[in-house]
Amino acid sequence: MTIEAPRPRNFIEEAIEEDGRTGRYGGRVHTRFPPEPNGYLHIGHAKSICLNFGLAKKYGGQCNLRFDDTNPTKEEVEYVDSIMNDVRWLGFEWDGLYYASDYFPQLYAWAIQLIEAGKAYVCDLSADEIRAHRGTLTQPGKNSPYRDRPVAENLALFARMREGEFSDGARTLRAKIDMASPNLNLRDPVLYRILHAEHHRTGNAWCIYPMYDYTHGQSDSLEQITHSICTLEFENHRPLYDWFLDALDIYHPRQIEFARLNLTYTVMSKRRLLELVQGGFVSGWDDPRMPTIGGLRRRGYTPESIRAFCDRIGVAKFNSTIDVAVLEGAVREDLNRTAPRAMAVLRPLKLVIENYPAGQVEELEAINNPEDPSAGVRLVPFSRELFIEQDDFREVPPKKFHRLTPGAEVRLRAAYIVKCTGVVEDQSTGEIREVRCTYDPQTKSGLPSADRKVKGTIHWVSAQHAVQAEVRLYEHLFSQPDPSDVPEGVDYKATLNPNSLEVLKSAQLEPSLAHSKPGDRFQFERNGYFCVDTRDSLPGRLVFNRTVTLRDTWAKIEKSG
RNA sequence: UGGGGAAUAGUGUAACGGUAGCACGACUGACUCUGGAUCAGUUAGUCUAGGUUCAAAUCCUAGUUCCCCAGCCA
């Protein structure tokens, strides 16, 4: 075992290192990420993925990808494909690729072994009857009348179940443990149920399917997993996980539970995510507002930023909710380093430079990324008529407003200092149609004489060269940190944020952006990070998604003032 | 009501009987041709009550609060 870090970073690493010291698994570390292929991966899964693959990497071990596909009625290959794609996109490659369904024959043989050992029996009770016999949290259950069936009869019946002689739900195979156990999972849990359903991998080879509890530990065992890491709700299942392995007397991995991820302003359960998609509250599983890996990817998040996020939030057993600002901070940090800058005017306002020669065009040099000198420079066309951001002009400026306002000077990014001389208003509506200004030729960016101090710098785009594009601005999907925090009888969907998507149809971009490709990421200076949409953007009809805004000190000042 | 877990700044997460630290946020200030970034600084915490100890977030006792479990889902 290789220990790279001076000390364990969390209780799971502590456990692993303890096992390393005691030689419990011969110094091996082998984890696995075991999704059920019944939905798309989300940021919560990313935490588990980073944990499992990260542990294997840190300790020089291995990590498998295993599909927990024991319920044919819910699982589909489409999900298998998307899950593999998402794991790879996050930057991980599995050592072994397995399916629980690969183990059906072995699981079946083990079931016979348990029957022969008198530790499992075929039960004829219906689902309702089993429930009635189970007892309650405070009262013990009652034994099934079929509990003491002779071994030979159990064997024969189980074989007939497998042969398809019985209808769905007619019988089950159950473990014979303890109907009085305070842990309900130990009250003779069902091992196999009859399901005449086609499985995405095994087709119609089986009509009985093993349950999760009966499958998971043995699958871990077969793969020689050392540490089987799962979420807190499986803590109550650990005694059963251990029971099967002991009863079968096979290699015994260690199950360790940690708290699943919760994020503010969103929901994470598959059920709710599905509801948002099916109810049309979002455009699909990869809607950029969704916390799915696909949604985050389309939104412009980088794998690096998601990994940094998972690293930052830690691993513990406390049921916590992470502020989504941590996720946003992680992507800002990454994109600040890597995203090329560009100028884009989201809500255009015409600015006319009265003393700039009509027809003249200058190609001005602009820095691509101040954080990365190797990113170089590009040329941006400048002319008499520009677009600036509506927010960057105020006829009556509020306090501390550092932008364009009548009589004031402002620097045009990478260009000249201009002075506002007035506005042209629409005669009938009084709306500002354009802002007029003059420029100072001595202040061209780069000239020694350009160093004059001005209050602010704003971005711009030459009107005649601008590329028009659609820009989609996203905000949190829900309007309150905890969408579930609603009065009795009110659905969480009532807290959906009505402004989570704003579409700007006529943003004006600098021409260098014209040939950007789907997935390309940029920082639109002073606005935020944006990426070309991978679904709807077309050459000549570009669509950009806002990944996240820049930190906006002015917005805070304005809000508090 | 039975069982299983968990409680440390606003949010997360360390400290393993010996200085309560880190990240994010918030707030100051510096710097800046992005009100970005960066830099410097400030703020703020051991669930409660007892006990053991020279010394307790840590050990003991009793409470409080929160989460999970009664699928032939995973």
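Just so we're on the same page: letters track the sequence lines, and every chain starts at 1. The figures that follow rest on heavy atoms only: side chains count, while hydrogens, waters and symmetry mates do not. Here the structure is a predicted model, which is why all the values come from computation and not from measurement.
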J.: Can a salt bridge be assigned to the pair A:R254 and A:D19 using a cut-off of 4.0 Å between side-chain N and carboxylate O?
T.: yes
J.: Would you kindly check if the NZ (Lys) or CZ (Arg) of A:R201 is within the cone defined by 45 degrees around the ring axis of A:Y99 and under 6.0 Å from the six-membered ring centre?
T.: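 Yes, A:R201 sits over the ring of A:Y99.
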J.: Choosing from B:rG2, B:rC72, B:rG35, which nucleotide comes nearest the side chain of A:T138?
T.: B:rG2
J.: Students often get this wrong, so: under 4.0 angstrom with heavy atoms, is A:H237 touching a base, only sugar-phosphate, or nothing?
T.: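 Since a base atom lies under 4.0 Å of A:H237, the category is base.
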J.: Identify whether any heavy atom of A:R341 sits under 4.0 Å from a base atom; if not, whether one sits that close to sugar-phosphate; answer base, sugar-phosphate or nothing.
T.: base
J.: Return no unless some side-chain N or O of A:R134 is found under 4.0 Å from OP1 or OP2 of B:rG71.
T.: yes
J.: So if I take every side-chain heavy atom of A:L137 and compare against B:rG2, B:rU34, B:rG4, which nucleotide ends up nearest?
T.: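 In terms of side-chain proximity for A:L137, the closest of B:rG2, B:rU34, B:rG4 is B:rG2.
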J.: Is a donor on one side and an acceptor on the other found under 3.5 Å between the side chain of A:E129 and the backbone of A:S126?
T.: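 Indeed, once roles are kept as given, a pair shorter than 3.5 Å links the two residues.
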J.: In the structure shown, which nucleotide is the Watson-Crick or G-U wobble counterpart of B:rA70, with both distances under 3.5 Å?
T.: none
J.: Without decimals, in angstroms, what is the distance between A:E328 CD and B:rG25 P?
T.: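 Going from CD in A:E328 over to P in B:rG25 covers 10 Å.
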J.: So, is the end of the A:R174 side chain (NZ or CZ) under 6.0 Å from the ring centre of A:Y121 and within 45° of the ring's axis?
T.: no
J.: Does the structure show a Watson-Crick or G-U wobble partner for B:rA23, both distances under 3.5 Å? Name it, or say none.
T.: B:rU11
J.: Any side-chain donor paired with an acceptor under 3.5 Å for A:D334 and A:Y301?
T.: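 Not at all, the side chains of A:D334 and A:Y301 share no donor-acceptor pair under 3.5 Å.
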J.: Base, sugar-phosphate, or nothing for A:K400, non-hydrogen atoms under 4.0 angstrom?
T.: base
J.: Just checking, is any N or O donor in the side chain of A:T549 or A:R526 under 3.5 Å from an acceptor N or O on the other one?
T.: no
J.: Within the structure, does a side-chain N or O atom of A:R411 lie under 4.0 Å from either OP1 or OP2 of B:rU34?
T.: no
J.: On the 0 to 90° scale, with breaks at 30° and 60°, tag the A:Y416-A:Y439 ring pair as parallel, tilted or perpendicular.
T.: perpendicular
J.: Does A:H402 lie flat on the base of B:rG35, that is, centres under 5.5 Å apart and planes under 30° off?
T.: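 Ring-base stacking flag set for A:H402 and B:rG35.
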J.: With a cut-off of less than 4.0 Å, is there a side-chain N or O of A:K444 near OP1 or OP2 of B:rC33?
T.: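 False: A:K444 side-chain N/O out of range (4.0 Å or more) of B:rC33 OP1/OP2.
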J.: Should A:S126 be listed as having a side-chain N or O under 4.0 Å from OP1 or OP2 of B:rC72?
T.: no
J.: Taking any heavy-atom pair under 4.0 Å as a contact, classify A:D68: base, sugar-phosphate, or nothing.
T.: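 A:D68: backbone/sugar contact only, no base atoms under 4.0 Å.
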J.: Summarise how protein sits on nucleotides 8-14 of chain B as a single string, 5' to 3': B when a protein heavy atom is under 4.0 Å from the base, S for sugar-phosphate-only contact, - for no contact.
T.: ---SSSS
J.: Using purine N1 to pyrimidine N3 plus N6-O4 or O6-N4 for Watson-Crick, or N1-O2 and O6-N3 for G-U wobble, both under 3.5 Å, which nucleotide pairs with B:rU32?
T.: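 The base-pairing partner of B:rU32, which may sit in any strand shown, does not exist here.
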J.: With a 3.5 angstrom cut-off on both distances, give the Watson-Crick or G-U wobble partner of B:rU46, or none if there isn't one.
T.: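 Partner of B:rU46: none found under 3.5 Å.
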J.: Report the base-pairing partner of B:rA6 (Watson-Crick or G-U wobble, both distances below 3.5 angstrom), or none.
T.: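 Base-paired to B:rU65.
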J.: Counting the atoms with a prime plus P, OP1 and OP2 as sugar-phosphate, which does A:E36 contact under 4.0 Å by heavy atoms, base, sugar-phosphate, or nothing?
T.: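 It contacts sugar-phosphate atoms only.
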J.: Using the glycosidic torsion, which applies to B:rG71: syn (within 90° of 0) or anti (everything else)?
T.: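 Syn, angle within 90° of zero.
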J.: Regarding A:R413 and A:H459, do their side chains bring together a donor and an acceptor under 3.5 Å, going by distance alone?
T.: no
J.: Regarding A:G39, tell me which of base, sugar-phosphate or nothing describes its non-hydrogen contacts under 4.0 Å with the strands shown.
T.: nothing
